[in-house]
Amino acid sequence: MMHLKSQDEIERIRDSCRIAADAMALMVDLVAPGITTAELDEVADAYIRQQGAVASALNYRGYPRSICTSINEVVVHGIPGTRRLANGDIISVDIAVKNAGYHGDMNVSFGVGDIDPETARLLATTKEGLEIGLRTSEPAARLGDVGHQIQTHIEAAGFSVVRDYCGHGIGRNFHEEPQLLHFGTSGTGRRLQPGVVFTIEPMVNAGVADVRVLEDEWTAVTADGMRSAQFEHTIAVTESGPDVLSRFHDLPF
Ligand code: MF3
Ligand code: CO
């Protein structure tokens, strides 16, 4: 069963997203050649705690840090550490927050310094894929419609959609039903309805879609070593259409 959220619950999820988005705004200022991913984690974690909230990722199934920092060929779940960002890198920063019993989740990919045009195209296409998914999430659309629209856009650009990780329902739990695949067939899957709250978080690879998980049991990298990007928002389906709970008009995501 998919739990349908009341407007009050949706506002609580939006509050958690606001904290995540404000932490992400701090990342915008910090992401530059020379900073370590552990430093990004410390700043985000301190900000979240200052708000009286906690990072959803911390200790989630044993995850050791508060945010995920996935550089270049890292697809998802990169663990912050001593690695320093270098000019030309890309980094996806995933920030999820639990506040007053509800989670909010978002992810932004950044270019570090000057990135090459093909990498810029990868970032732009991934963001467009997310935006198309958000727009498609109308009441009465099916999950497969959303996945299909995202996949079509990504593949038309010559990139591939990661199959091993998906978007997810979110609320009192960090991950709940439904699962949202970022690929699929129109007209299939569960119908969306007002009160469904979930994330859309396409991971897009410059080369093959296949991933492999490193010995730390978290870090997922592309099988071919090529780059990967990700963007994520938390969204509520409402009578009047998609309400992007992690988007705030004073912020650039
Ligand atoms: N947004 C990612 C997800 O929903 C964040 C994962 S946090 C981790 O899966 F703890 F699982 F790494
Ligand atoms: Co997520």
Side-chain angles (χ1 to χ4, degrees), residues 2-3 5-6 8-28 30-31 37-70 74-81 91-110 130 134 162 164-180 182 195-203 213 216-220 230-236 243-248 251 253:
M2 194 156 59
H3 173 63
K5 273 83 176 176
S6 66
D8 183 64
E9 289 185 286
I10 290 172
E11 294 314 321
R12 286 171 188 250
I13 297 167
R14 197 193 314 274
D15 289 343
S16 297
C17 288
R18 174 85 228 189
I19 297 169
D22 284 339
M24 193 67 80
L26 298 175
M27 302 295 110
V28 175
L30 289 175
V31 166
T37 50
E39 289 172 301
L40 297 176
D41 181 72
E42 280 153 27
V43 171
D45 182 73
Y47 179 78
I48 293 164
R49 287 178 195 279
Q50 217 176 67
Q51 308 309 307
V54 294
S56 307
L58 185 62
N59 302 320
Y60 178 77
R61 298 178 183 229
Y63 187 76
R65 291 289 198 145
S66 293
I67 66 173
C68 300
T69 50
S70 303
V74 179
V75 174
V76 71
H77 299 162
I79 302 172
I91 179 171
S92 88
V93 178
D94 196 302
I95 305 182
V97 167
K98 184 184 191 185
N99 181 64
Y102 287 84
H103 295 264
D105 192 1
M106 70 182 298
N107 180 307
V108 174
S109 288
F110 300 96
L130 168 59
L134 295 169
V162 171
D164 305 65
Y165 300 91
C166 58
H168 50 92
I170 184 166
R172 285 199 167 275
N173 305 294
F174 188 11
H175 296 114
E176 47 186 65
E177 285 191 74
Q179 283 197 0
L180 183 269
H182 304 105
V196 180
V197 178
F198 62 101
T199 72
I200 304 180
E201 49 183 301
M203 284 138 275
V213 177
D216 64 18
E217 294 181 356
W218 282 104
T219 311
Q230 182 179 26
F231 285 86
E232 174 180 23
H233 274 302
T234 296
I235 182 182
D243 183 359
V244 184
L245 304 180
S246 47
R247 176 166 289 146
F248 300 94
L251 294 173
F253 341 99

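Start at 1 with the first residue, then count along the sequence. All values below come from the heavy atoms of this structure, side chains included, with hydrogens, waters and symmetry mates left out. Since the structure is predicted, the reported quantities are computational estimates derived from the model, not experimental observations.
Among the candidates M203, E201, E232, the single residue satisfying the side chain to side chain contact (heavy atoms under 4.5 Å, CB included) test with V76 is M203. Checked options V93, T37, D45, L40; the residue passing with P80 is T37 (criterion: side chain to side chain contact (heavy atoms under 4.5 Å, CB included)).
L30 has its side chain out of reach of E39: every pair of non-hydrogen atoms, C-beta onward, lies at least 4.5 Å apart. Under the 4.5 Å side-chain criterion, counting only non-hydrogen atoms from C-beta, F231 is in contact with V108. Within the 4.5 Å cutoff, the side chain of L26 has no heavy atoms near those of the D22 side chain.
Taking every heavy atom of both residues into account, Y165 and A220 meet most closely at OH-CB, 3.4 Å. Residues I67 and D41 come closest through the heavy atom pair N-OD1, 3.0 Å.
The line from CD1 of I235 to CG of D105 is 13.5 Å long, rounded to the nearest 0.5 Å.
Qualifying ring-ring contact (aromatic ring centres under 6.0 Å, His included) partners for H182, counting only residues two or more places apart in sequence or in other chains: none. Applying the ring-ring contact (aromatic ring centres under 6.0 Å, His included) test to Y47 and every residue at least two apart in sequence or in another chain returns nothing. Annotation: side-chain contact (heavy atoms from CB on, under 4.5 Å) contacts of V54 (sequence neighbours excluded): K98. Residues passing the side-chain contact (heavy atoms from CB on, under 4.5 Å) test with N99, sequence neighbours excluded: D15, S16, I19, A53, V97. In terms of the side-chain contact (heavy atoms from CB on, under 4.5 Å) criterion, residue partners of H175 (sequence neighbours excluded) are, by chain and number, Y60, H168. Listed by chain and number, the residues in a side-chain hydrogen bond (donor to acceptor under 3.5 Å, both in side chains) with N107 are D94, Q230 (sequence neighbours excluded).
In this structure, N173 contributes its side chain and E176 its backbone to no donor-acceptor pair below 3.5 Å.
The residues R12 and E9 are annotated as not salt-bridged, no charged nitrogen and carboxylate oxygen being separated by less than 4.0 angstrom.
Heavy-atom neighbours of Q179 CD from other residues, nucleotides or ligands within 6.0 Å: at or below the threshold of 12.
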